[in-house]
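Worksheet: the structure to be examined is printed underneath.
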Amino acid sequence: MRIAMIGTGYVGLVSGACLSEFGHNVVCIDKDAAKVEALRQGVIPIFEPGLEEVVGANARAGRLTFESAMAQAVSEAEAVFIAVGTPSRRGDGHADLSYVFAAAEELACHLRDYTVVITKSTVPVGTSHQVKQIIARARPDARFDVCSNPEFLREGSAIEDFRRPDRVIVGCDSDRARDVIREIYRPLYLHETPIVFTNPETSELIKYAANAFLATKITFINEIADLCEKVGADVQDVARGIGLDGRIGAKFLHAGPGFGGSCFPKDTLALLKTSQDHEAPARIVEAVVAVNEERKRRMAGKIEAAFGGVRGKTVAVLGLTFKPNTDDMRDAPSLAIVPQLQAAGATVRAYDPEGGKEARKLLDVTLCDSAYEALDGADGVVILTEWNEFRALDVARMKALLKHPLMVDLRNIYRPAHMAAEGFTYVSIGRAMAAPQ
Ligand code: UDX
């Protein structure tokens, strides 16, 4: 099948590359000609494990190409995906749909034969209907349908999430469009992936409800972690104990400094706006947004308490990205925590395996080339992101490099008993503080 993918950001590039790997002929389109040229050279603008290989292999096979103009690709395509950004609109938290609507206006001009236009971007309920109106107004003669097909890709595991999705969600009102979508995802039938067909509004809401639920689950265990610290319980055992209940499930129960990233913060706010616009209260999601934002600020206080105050002290921070296996800094807890520590008088030295380039634009810290370099001479170390390479650092070497054997582990990747036995004062999330033995 011939597919045009409008937008080569995180969602568009991964989706386009993986659809070409399914065997389709995909043209990825981006207005940024320099980005298109880089992609033609195999240069991937984002860090996503495995993406470079998938793009390279399918580009070499001639199934994946890149264009900065959409005319030819759209006129030849049976399906056109809109995968442009929908950032939070400044000030009110609504999703900014200007890029989606601009793409719809432009692609309308190039529709030739029957085409299915598919909104892949995360868009508020009712957007697919608006896209349909925009295209119909521009081209009353065009034969097309508009469907919603949200993505559920996690940064750092996006390729695998596309190849083996738990489900495919499709919102469309036309049997003809449904047949085209089935053909697009036919390779997934081999894995018996459920494809849920519903109407566009339901499909759009499924996306927001899923992300808001996951954000709620994380915030729930984060609050339980605070209670654990007060009553001497272990949040990891609580998570395991409740997660073994099939109705709850073990995933997304890792307590931490609060959720970040390009989706949960944006999507929970957008869902709140939709619920307010339609006078359908979403007080649980309201609480999740408020509790999460306040948590990031509280984490700085936890660190200051563990250091006995940070004025005049050097804090080594390991991990700046919002999660491991990405270079993405959007809404990362570090963006709230680090400036707060600096405002309290700390000097911050930091190391992140992939986040340095982005962090340099956003944080005024000394960026180091390794964890041990960041620790050298610091008064203590804080773990903010659970990169694998932080899980087995040489504890004796850390102790020798630090002025004081103090660790604040906001991702619970070390064990209290082990750190105490190694002579560390060890503070973590939802577990008793371990004093050095
Ligand atoms: C999320 C959704 O998982 C994905 O389905 C959707 O398409 C996009 O948004 P992503 O934002 O890439 O994916 O990362 P995710 O792995 O979901 O983590 C989001 C945030 O929650 C991160 O800040 C992470 O540190 C935090 N988190 C996640 C926790 O604090 N605890 C957990 O148990 C899981």
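Order of appearance sets the numbers: ligands from 1, and atoms from 1 within every ligand.
With contacts defined as side-chain heavy-atom distances shorter than 4.5 Å, the pair Pro257/Arg298 does not qualify. Looking at Leu51 and Ile159, their side chains come closer than 4.5 Å, going by heavy atoms from C-beta outward.
With no hydrogens or angles considered, no side-chain donor-acceptor pair links Glu354 and Thr321 at under 3.5 Å. Residues Thr219 and Asn292 have side chains that never bring a donor and an acceptor to within less than 3.5 angstrom of each other. Checked by atom type, the side-chain pair Glu389/Tyr351 shows a donor-acceptor distance below 3.5 Å. Counted by atom type alone, Asp328 and Tyr10 present zero donor-acceptor pairs between their side chains at under 3.5 Å.
Once rounded to the nearest 0.5 Å, the distance linking CE of Met5 with CD1 of Ile118 reads 8.0 Å.
For atom 11 (O) of ligand 1, the closest non-hydrogen atom of the protein is Phe322 CE1, 3.7 Å. Looking from atom 5 (O) of ligand 1 to the surrounding protein, the closest heavy atom is Phe152 O, 3.3 Å. Given atom 34 (C) of ligand 1, the protein heavy atom at minimum distance is Phe252 CD2, 3.7 Å. Protein heavy atom closest to atom 12 (O) of ligand 1, with residue, atom name and distance, is Glu155 N, 2.7 Å. The protein heavy atom nearest to atom 31 (N) of ligand 1 is His254 O, 2.9 Å. Residue, atom and distance of the protein heavy atom nearest to atom 3 (O) of ligand 1 are Arg154 CG, 3.2 Å. Looking only at heavy atoms of the protein, atom 1 (C) of ligand 1 is closest to Phe264 CE2, 3.5 Å.
Close approach to Leu253 involves these atoms of ligand 1, each under 4.0 Å from a residue heavy atom: 33 (O).
By the criterion of a heavy-atom distance under 4.0 Å, the side chain of Arg411, and not its backbone, is placed next to ligand 1. Looking at Ile218 against ligand 1, only its side chain comes within 4.0 Å, counting heavy atoms. The proximity of Lys251 to ligand 1, defined as any non-hydrogen pair under 4.0 Å, does not occur for either the backbone or the side chain. Counting heavy atoms under 4.0 Å from ligand 1, residue Asp267 does not touch it at all. The residue Lys266 has no part lying near ligand 1, judged by heavy-atom distances below 4.0 Å.
Counting all heavy atoms, side chain and backbone alike, Ala79 lies closest to Ile184 at CB-CD1, 3.7 Å.
At least one N or O atom of Lys207, backbone or side chain, sits closer than 3.5 Å to an N or O atom of ligand 1. When only interatomic distances are considered, the shortest N/O to N/O separation between Leu153 and ligand 1 falls below 3.5 Å. Between Lys323 and ligand 1, at least one pair of N/O atoms sits closer than 3.5 Å. Considering both main-chain and side-chain atoms, Glu151 comes within under 3.5 Å of ligand 1 through a nitrogen or oxygen pair. Below 3.5 Å of separation, one finds an N or O of Gly260 facing an N or O of ligand 1.
With Val14 as reference, Leu153 is the one residue of Leu153, Asp161, Val54 to meet the side-chain contact (heavy atoms from CB on, under 4.5 Å) rule. The residue from Ile169, Val168, Ile181, Thr202 that alone fulfils the side-chain contact (heavy atoms from CB on, under 4.5 Å) condition with Phe197 is Ile181.
Ion pair Lys266/Asp331 not flagged as a salt bridge, since none of the NZ, NE, NH1 or NH2 atoms sits closer than 4.0 Å to an Asp/Glu carboxylate oxygen.
With ring centers used as reference points, Phe22 lies under 6.0 Å from Phe162.
For the ligand labelled ligand 1, residue Cys263 lies inside the 4.0 Å heavy-atom shell.
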